[in-house]
Amino acid sequence: MTIKNRAKARLILENGLAFEGTHFGAEGTRFGEVVFNTGMTGYQEILTDPSYFGQIVTMTYPLIGNYGVNVDDVESRHPHVRGFVVKTFAELPSHYKQTDSLERYLQQHNIVGIAGIDTRELTKAIRTVGAMRAVITSEDAPIGELLVRMPEALVPDAVQRVTTQTVYRSPGPGHRVVLIDYGMKAGILRSLLDRGCDVIVVPATSSASDVLSWHPHGVMLSNGPGNPEDVPFAIETLRELIGKVPIFGICLGHQLIALACGAKTRKMKFGHRGSNHPVKDLRTGRVDITSQNHGYMVDADSLAGTPLQLTHVNLNDGTVEGLVHKHEPVFSVQYHPESRPGPTDARYLFDDFMDLISRVREGRFTHA
């Protein structure tokens with residue numbers, strides 16, 4: 001069966017803008033915030049990134065699915081998106097690592113897909129209006145009825161729904177790192193293990209005493225979904241941890257450090273999602289091309305009066321991309337140095353974290 005003979009599917013935004021295309025993946029109706037990702041590859045990593053929990057993801061690259069799926073390109077145990085939107089869906093994938101097709105993968109995990117729409121028009125609508133709720137459906141319900149159900153797109157307690165429910169350990173001979181899982185990508189754990197770390201992964205709800213009971217040499221804060229202000233328990237935990245142990249935060253972890261230190265965060269108009277975001281280190285002038293996935297940001301104006309120093313900015317829009325504590329061994333970045341998917345420019349930050357831990361343990365740490 002070719003794509004031309006498939007059933008119809010629809011994508012309807014909360015402002016009433018509607019797109020009709022062809023259905024692939026699972027059947028049914030799903031609600032979520034519609035976002036776009038500008039990556040040319042990496043759709044399986046995107047599908048399995050817990051930061052996309054509850055969202056309908058649009059790929060701006062026009063051909064998706066051509067290399068199928070495999071067992072290596074996953075960032076968590078299963079996908080977290082509610083819907084998948086593409087211009088052209090490749091029905092006959094081919095790759096030496098392929099274990100299944102993208103369509104069967106979506107069917108297996110109950111994700112509705114739509115193909116054949118103008119993803120350029122959709123992306124422009126999101127960029128113009130801002131982030132919107134949407135519904136993706138293979139069913140024939142009236143638009144008015146679907147618009148009434150838009151509140152189903154809201155995702156309460158997102159972090160609690162994607163974090164690990166139990167503590168687990170990945171042993172290694174090096175520094176002991178407690179990794180707080182707010183919706184962790186597996187690439188973060190892999191990056192620590194590649195550096196020989198003895199990693200203990202703990203739930204997002206862990207208290208400071210829970211974390212410190214492992215006598216860690218360092219604490220890693222993961223990425224995760226949603227509004228950082230919706231996890232006040234995590235902010236309180238960080239307030240207690242800062243000054244007691246070296247800390248490195250990524251994405252949501254970066255935003256939580258900012259909130260714990262008195263800065264503010266706010267929702268972006270349409271966020272940063274893709275593998276091509278240029279970030280400048282203000283201290284060295286170095287520019288990295290980075291992988292990003294976030295809809296919230298640290299408010300630069302709110303940094304005044306806090307113990308945080310701005311270290312990195314996004315060269316596209318000037319937004320905050322990195323922070324360092326002026327007095328304690330704490331730093332963070334908004335982007336994803338584990339780079340799955342995306343360029344590897346920023347992987348050195350994990351080495352910087354290892355060096356920071358060593359300097360603290362050896363009494364060589366000095367204020368930033």
Side-chain angles (χ1 to χ4, degrees), residues 50-51 76 157-226 228-263 265 306-308 323-325 327-333 337-338 349-350 352-363 365:
S51 294
S76 62
D157 304 323
V159 168
Q160 293 94 313
R161 295 169 70 175
V162 298
T163 184
T164 179
Q165 300 303 309
T166 58
V167 177
Y168 60 95
R169 188 172 189 171
S170 295
H175 297 309
R176 178 176 296 173
V177 175
V178 169
L179 173 50
I180 304 180
D181 176 12
Y182 303 120
M184 176 192 72
K185 290 174 64 180
I188 296 175
L189 176 58
R190 295 189 196 102
S191 296
L192 294 173
L193 295 176
D194 286 345
R195 288 157 178 82
C197 291
D198 178 18
V199 184
I200 298 95
V201 182
V202 302
T205 52
S206 299
S207 67
S209 60
D210 292 334
V211 172
L212 295 174
S213 69
W214 288 97
H215 305 289
H217 302 136
V219 172
M220 181 90 227
L221 312 177
S222 84
N223 61 295
E229 295 182 359
D230 289 342
V231 282
F233 53 85
I235 298 168
E236 184 56 37
T237 293
L238 291 181
R239 286 183 179 139
E240 296 183 39
L241 288 175
I242 291 173
K244 295 184 173 69
V245 63
I247 300 174
F248 177 24
I250 289 175
C251 200
L252 181 62
H254 157 82
Q255 297 163 5
L256 292 174
I257 286 174
L259 291 172
C261 291
T265 58
T306 74
L308 298 174
L323 299 168
V324 65
H325 199 287
H327 312 298
E328 304 294 348
V330 177
F331 73 105
S332 63
V333 292
E338 79 283 354
L349 290 172
F350 288 99
D352 287 353
F353 185 40
M354 298 298 101
D355 179 64
L356 177 63
I357 292 174
S358 294
R359 287 190 287 120
V360 170
R361 295 184 69 188
E362 297 166 6
F365 173 73

Exercise. Going through the distances and angles, do Ile357 and Val177 end up as a side chain to side chain contact (heavy atoms under 4.5 Å, CB included)?
Worked result: CA-CA 9 Å; Ile357 292 174; Val177 175; 4.1 Å; yes
For this session: Any chance you could lay out the side chain to side chain donor-acceptor pair (under 3.5 Å) test for His175 and Ser358, step after step, and finish with the verdict?
Result: CA-CA 8 Å; His175 297 309; Ser358 294; 3.0 Å; yes
Exercise. Can Arg190 and Asp194 be counted as an ion pair, charged N to O under 4.0 angstrom?
Worked result: no
Which atom of [X] lies closest to which atom of [Y], heavy atoms considered:
X      : Y      : answer
Pro225 : Ala158 : CG-CB, 3.7 Å
Pro228 : Ile235 : O-CD1, 3.9 Å
Leu259 : Arg239 : O-NH2, 3.6 Å
Phe350 : Glu338 : CE1-N, 3.6 Å
Asn223 : Ser51  : ND2-OG, 2.8 Å
Leu238 : Ala260 : CB-CB, 3.9 Å

Student check: side-chain heavy atoms of [X] and [Y] closer than 4.5 Å:
X      : Y      : answer
Val159 : Leu252 : yes
Leu221 : Ile257 : yes
Arg176 : Arg169 : yes

Problem set entry | Audit row: Ser170, Leu189, side chain to side chain contact (heavy atoms under 4.5 Å, CB included) steps and yes/no | CA-CA 9 Å; Ser170 295; Leu189 176 58; 4.2 Å; yes
For this session: Give the intermediate values and the outcome of side chain to side chain contact (heavy atoms under 4.5 Å, CB included) for residues Tyr182 and Val231.
Result: CA-CA 9 Å; Tyr182 303 120; Val231 282; 5.9 Å; no
Pairwise distance [atom1]([X]) to [atom2]([Y]) - rounded to 0.5 angstrom:
X      : Y      : atom1 : atom2 : value
Leu349 : Leu356 : CG    : CG    : 11.5 Å
Ser332 : Leu323 : OG    : CG    : 4.5 Å
Asp198 : Leu192 : CG    : CG    : 11.0 Å
Leu256 : Glu236 : CG    : CD    : 12.5 Å
Leu308 : Glu328 : CG    : CD    : 11.0 Å

Problem set entry | Asp230 (side chain) donor-acceptor with Asp157 (main chain) under 3.5 angstrom | no
For this session: Look only at the side chain of Asp210 and the backbone of Ser207, and say whether a donor-acceptor pair between them is shorter than 3.5 Å.
Result: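 Between the backbone of Ser207 and the side chain of Asp210 there is a qualifying donor-acceptor contact (under 3.5 Å).
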For this session: Could you tell me how the ring of Phe248 sits relative to the ring of Phe353: parallel (under 30°), tilted (30 to 60°) or perpendicular (over 60°)?
Result: tilted
For this session: Report the C-alpha separation of Val162 and Met184 in whole Å, then their side-chain angles, then the decisive distance to 0.1 Å, and conclude whether the side chain to side chain contact (heavy atoms under 4.5 Å, CB included) test is met.
Result: CA-CA 8 Å; Val162 298; Met184 176 192 72; over 6 Å; no
For this session: Output all residues satisfying side-chain contact (heavy atoms from CB on, under 4.5 Å) with Pro203, sequence neighbours left out; order by chain, then residue number.
Result: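 If we apply the side-chain contact (heavy atoms from CB on, under 4.5 Å) test to Pro203, skipping adjacent residues, the hits are Thr163, Thr164, Val167, Thr205, Ser206.
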